[in-house]
Amino acid sequence: MYVLWSIYFLLISYTGSGVLLRPVFTKQPGSVVFPLQPGENRREVVFSCEAQGHPQPFYRWKLNDSFILPRPGSRYTLMGGNLHISHLNKEEDVGIYQCLASNSFGTIVSREASLHIAYLENFKTQRRNPVRVREGQGVVLLCGPPPHSGELTFTWIFNEYPSFVIQDTRRFVSQKTGNLYIAKVEPSDVGNYTCVVTNTVTKNSVQGPPTPLVLRVDGVMGEYEPKIEVQFPEVVPVAKSSTVKLECFALGNPVPTISWRRVDGASFGRKVDINKASGVLEIPYFQQEDAGIYECVAENSRGRNSVKGKLSFYAAPHLTEKPQDVQKTIDDTLVWECKASAKPKPSYRWLKNGEPLDPMEDRVQANNGVLTIGSLNLADIGMYQCVAENKHGRIFTNAELRVVAIAPDFSQNLLKAQTLARQGGDILIECKPRMSPRGVISWRKGKEALRESHRVTVLDNGSLRISNVTKMDAGLYTCVARNQFGVASSAGSLLVKEQTVITSPAGHLDVTVGESIVLPCQVSHDPTLDLKFTWFFNEQLIHFGSHGAYFEKVGGRSAGDIMIRNIQLRHAGKYTCAVQTKVDSVSIATDVVVRGPPGPPVDCQVTEMTETTASLSWGPGMDNHSPILSYTIQARTPFSLGWQAVTTVPELLGGKQLSATVTDLSPWVEYEFRVLATNSIGTGEPSKPSKKARTKEIVCVIVSRVNGGGGGRSELVITWEPVPEELQSGPGFGYVVAFRPLGAQGWMQAAVTSPDASRYVFKNESIPPFSPYQVKVGVYNNKGEGPFSPVTTIHSAEEEPSRAPGRVRARSVSASEVEVTWKPLAWSNNRRRILGYEVKPTHDTASVIRTVGNKTSVLIKDLEGSSTYYMSLRAYNSAGVGPQSIIVNVTTKKPPPSQAPVKIMWNTSNSKVILRWDQVHALENESEVTGYKVMYSQDKHSRPSVVETNTTSLELSLPVNQDYVIQIKPFSEGGEGSSSGQITIPKIAGGTILTRKA
């Protein structure tokens, strides 16, 4: 019996081979709206239902929760799982259908499928009485559609087909009632009106009897306020994502206008369609945010009327969490959770094998979609379905529960073949056989039953715990499991190892920034076990090689020492060495204190500013384990090159000093300050800069380098060096320029408002030329005026020279040089000065040459040989140039010889060098050779000595034992010619005669 139960309940699903144990729907029925034409009753409908399972499921059907019993000759036939209904009957066959699929594992129920039969019958009456109204009165013509099923649409024929009533602000056809509404009757409305009804499913249309509209003869209807005849319900439930249409129309004279609004003031979205002509508000794809109270307003000149209605959002249930197939053991507990989203909130119920689940037993509880079944037994096996529903729909989901009965089995969870334990530690040997129901577990050590004690305990789950393990606990342990279906066992060995001990003592290290240290981690351990060393810094794992090469492992097999190279402040903290083996783990911590320069001071503030001082305060930063000895203050301005040290009171700022006064500052300059701390190790990083602060303004600066002179006629030009911005001492800075003729008493003054100005020009026709003036320059700003500079004497603008230089002569000095001479003019008088002369060669693009002072000649160089130049001369001063002298001409000499000396021979005897070379002959356009220059020096770079000769040989007396470099060049009246190449004469040995040819 036990074996049969085990085999049956250990069956599993073979999805790969296509076989499925429990029934699962592959097709479910869908809702049908079936068109039935008038007089037709032979139509057939088929509901599909198909499920897979093993054994093959069989099928049953329900209509409105009652089972359908197909019999031979009935209108209901089952073909497989499909239900065929023939000769449809609109009274008997309309309703809710469900398919039930069952096999030996249980029953499942399909979703609900509705059957609706759409039809449209003919109008019963053939004639309607005339409707009599007065002109200007509103009227309602009733349609009264015939019996039907399915959605209808309505139109009206005026008099005869195909003249249809066109809807506008005066005429409206309700698609809810089919009635025709005319807000204000006009004479043109008189005639016959016929209602046409169309079924949207069957597509059939029928016409009602005509309704005559006749005008009464007792006068015209007067104006009256709107009367709303077409309105929507107070509450309109709307399904999620559906389209809702609200109708609103009013009778009235004049014809009313229709408008819509939301009572909560929210605006209509783009999707909302408002057809003012037909009085319809359409909202497609309805969502939660579209819900609310809507108001239709009808108004004309006689008054206003309105109607309100609430659109409420609803949604049929949609599953968000489904129960899954599960396999449990006997006495276990099942918890299934089923959740669905819906509006309003759904209720939940559970089916077992297609029937409502009976929660009468205490162990079965169903609460808000959660199904709990405790103490499971074989009777609980089956197919379960959660049904979530509200008034707008319901939804089904399936899950299978299997309850298995199994003899003890260790095949999936054998005891570990070897379990390692640390001597003195605790060990847990797990025993987890698979069995159902839960049985009894016992233990053996070797062949003897294991006795429990204060150290040896069998836990409730069957596992074995041994505390304070000793060497005697080593051995073979066997776990034995029993239930009513059988017995099984599994064995494993317990090996006891020596514990791991760290022999390095816990420590405290005190180091300085930049040093290198070793953190020890020495251990004693069981030699059969491998060690794993792991280091942590402030509880974070150290990844060696990823910390900028600061950390390095230096230990051996039984040591995990690490070195920290070039230690930094950020490396201060707690270092933990963790040692791990297969049986235990131990750790040791070392606190490392790193001493370094102080951290940046904090909260640097300017508390007061005067014209030249600033009061500062700050807070101490981190001393980094070395007391702060002193502070230094630095400042910078927009005009300084970076941060500069400043003078303070007190002059020396000790480590306890947290405030100081900075002195010797410039007035009206914006400053930033920062503070640096110093200890015995060094100076740390500076504080954050203080907020910018400006010293107060004063007026004390003196203008320097006051001068002047020059300028145009009748001008007095006064110049000075502008005061830099950092020395202007306040806003509104400018200059006061004072001047007077030499010997006068009173001063004339002028204000120059630009702080960058460097000159002032006073122009007055009464100013005589080159007259002496006393001048001084002062400053001012918003604070007031400052002192003047010392008085300086300058001259007003002078006149240009009035005469030209005389006795101008020019002579050629060489092929490239001309000397010009002249008789100078008087150096100065009371109207002008002569500052120098301008010589202008009038040939090609030669530039003007100026002399300075009272010179009477000038040498003009870099001219062309054998060329004629025209020279003129002018005197100049600060006012300009004078008249031009007479023009003289001069022709430069022929160019010097272009040929260099050749065939140079030399010989030496004792301390003499004798040189000989060939005569150089000038070309036709060159000046004749008048002599030669011989240049000699001890090396190529020293200044050579020069000897001239008018012959082609020369004897030189030179010291012995030295090398000499010699060059020879011809010269003529046109200048020096081309030089020979350099000749090197080696050291001269006494008494030796050498002859060479170059």
Side-chain angles (χ1 to χ4, degrees), residues 33 116 118-133 137-158 164-185 189 191-213 226-239 242-252 255-258 260 273-283 294-298 305-312:
V33 178
H116 296 280
Y119 63 91
L120 176 62
E121 297 184 2
N122 292 318
F123 282 89
K124 298 291 190 268
T125 58
Q126 297 302 317
R127 296 190 60 180
R128 291 189 178 179
N129 295 325
V131 177
R132 302 180 184 276
V133 295
Q137 184 179 356
V139 68
V140 179
L141 302 182
L142 304 179
C143 178
H148 64 278
S149 175
E151 186 179 353
L152 303 179
T153 60
F154 302 92
T155 55
W156 284 77
I157 297 174
F158 179 51
F164 290 97
V165 173
I166 299 175
Q167 297 187 76
D168 52 24
T169 56
R170 196 171 62 85
R171 291 170 293 191
F172 178 75
V173 176
S174 171
Q175 297 303 313
K176 305 294 184 185
T177 65
N179 298 337
L180 170 63
Y181 300 83
I182 302 177
K184 174 189 172 186
V185 174
D189 294 325
N192 291 320
Y193 291 84
T194 303
C195 178
V196 180
V197 183
T198 301
N199 190 307
T200 60
V201 180
T202 66
K203 309 302 182 184
N204 287 345
S205 296
V206 294
Q207 294 184 13
T211 301
L213 179 64
K227 179 184 178 184
I228 296 179
E229 289 288 343
V230 180
Q231 55 185 280
F232 43 93
E234 290 186 2
V235 177
V236 180
V238 186
S242 65
T243 298
V244 61
K245 294 182 180 181
L246 302 182
E247 294 183 344
C248 182
F249 194 77
L251 311 183
V255 175
T257 59
I258 302 295
W260 297 85
D273 182 18
I274 302 175
N275 191 335
K276 294 183 178 180
S278 63
V280 176
L281 172 71
E282 181 176 340
I283 306 175
Y294 289 74
E295 182 180 29
C296 168
V297 179
N305 213 333
S306 67
V307 63
K308 298 177 182 176
K310 180 179 181 180
L311 297 185
S312 63

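As the structure is a computational prediction, the values presented were derived from the model and not from experiment.
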Verify, without hydrogens or angle tests, whether [X] (side chain) and [Y] (backbone) share a donor-acceptor contact under 3.5 angstrom.
{"X": "Q175", "Y": "F154", "result": "yes"}
{"X": "Q167", "Y": "V173", "result": "yes"}
{"X": "R128", "Y": "L142", "result": "yes"}
{"X": "N179", "Y": "C143", "result": "yes"}
{"X": "N199", "Y": "Y119", "result": "yes"}
{"X": "W260", "Y": "L246", "result": "no"}

Query raised in the report: Do we see a donor-acceptor contact under 3.5 Å between the side chains of Q207 and T194?
Result: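 Side chains of Q207 and T194: no pair found under 3.5 Å.
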For residues [X] and [Y], determine if any side-chain heavy atom of one lies less than 4.5 Å from a side-chain heavy atom of the other.
{"X": "F249", "Y": "I228", "value": "no"}
{"X": "C248", "Y": "V307", "value": "yes"}
{"X": "L311", "Y": "I283", "value": "yes"}
{"X": "T169", "Y": "T257", "value": "no"}
{"X": "T198", "Y": "L152", "value": "no"}
{"X": "K124", "Y": "P147", "value": "yes"}
{"X": "I182", "Y": "R170", "value": "yes"}
{"X": "L251", "Y": "V140", "value": "yes"}

Query raised in the report: Given V196 and I157, is the side chain to side chain contact (heavy atoms under 4.5 Å, CB included) satisfied, shown in steps?
Result: CA-CA 7 Å; V196 180; I157 297 174; 3.7 Å; yes
So which atom in [X] and which in [Y] form the shortest heavy-atom distance, rounded to 0.1 Å?
{"X": "C296", "Y": "F232", "value": "CB-CE2, 4.2 Å"}
{"X": "P226", "Y": "N305", "value": "O-ND2, 3.5 Å"}
{"X": "R127", "Y": "P209", "value": "N-CB, 3.8 Å"}
{"X": "A183", "Y": "A250", "value": "CB-O, 3.5 Å"}
{"X": "P256", "Y": "A298", "value": "CB-CB, 4.4 Å"}
{"X": "P146", "Y": "V206", "value": "CG-CG2, 4.1 Å"}

Query - F158 vs Y193, ring-ring contact (aromatic ring centres under 6.0 Å, His included): CA-CA, chis, key distance, verdict - result: CA-CA 5 Å; F158 179 51; Y193 291 84; 4.9 Å; yes
Rounded to the nearest 0.5 Å, what separation is found between the [atom1] atom of [X] and the [atom2] atom of [Y]?
{"X": "I166", "Y": "T155", "atom1": "CD1", "atom2": "OG1", "answer": "12.5 Å"}
{"X": "E229", "Y": "T177", "atom1": "CD", "atom2": "OG1", "answer": "10.5 Å"}
{"X": "W156", "Y": "Y181", "atom1": "CH2", "atom2": "OH", "answer": "10.0 Å"}

Query raised in the report: With respect to D189, which candidate in L213, V139, V165 satisfies the side chain to side chain contact (heavy atoms under 4.5 Å, CB included) definition?
Result: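 Answer to the side chain to side chain contact (heavy atoms under 4.5 Å, CB included) test with D189 among L213, V139, V165: L213.
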Query - Residues N192, T211; criterion side chain to side chain contact (heavy atoms under 4.5 Å, CB included); working and verdict - result: CA-CA 5 Å; N192 291 320; T211 301; over 6 Å; no
Report task. List in chain and number order the residues that pass salt bridge (charged side-chain N to carboxylate O under 4.0 Å, His left out) with E151, two or more places apart in sequence or in another chain; answer none if no residue qualifies. Result ->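 Applying salt bridge (charged side-chain N to carboxylate O under 4.0 Å, His left out) to E151 gives none.
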Report task. Flag the pair K245 and E247 as a salt bridge only when some basic side-chain nitrogen lies within less than 4.0 angstrom of an acidic carboxylate oxygen. Result ->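 Judged by the 4.0 Å cut-off on N to carboxylate O distance, K245 and E247 do not form a salt bridge.
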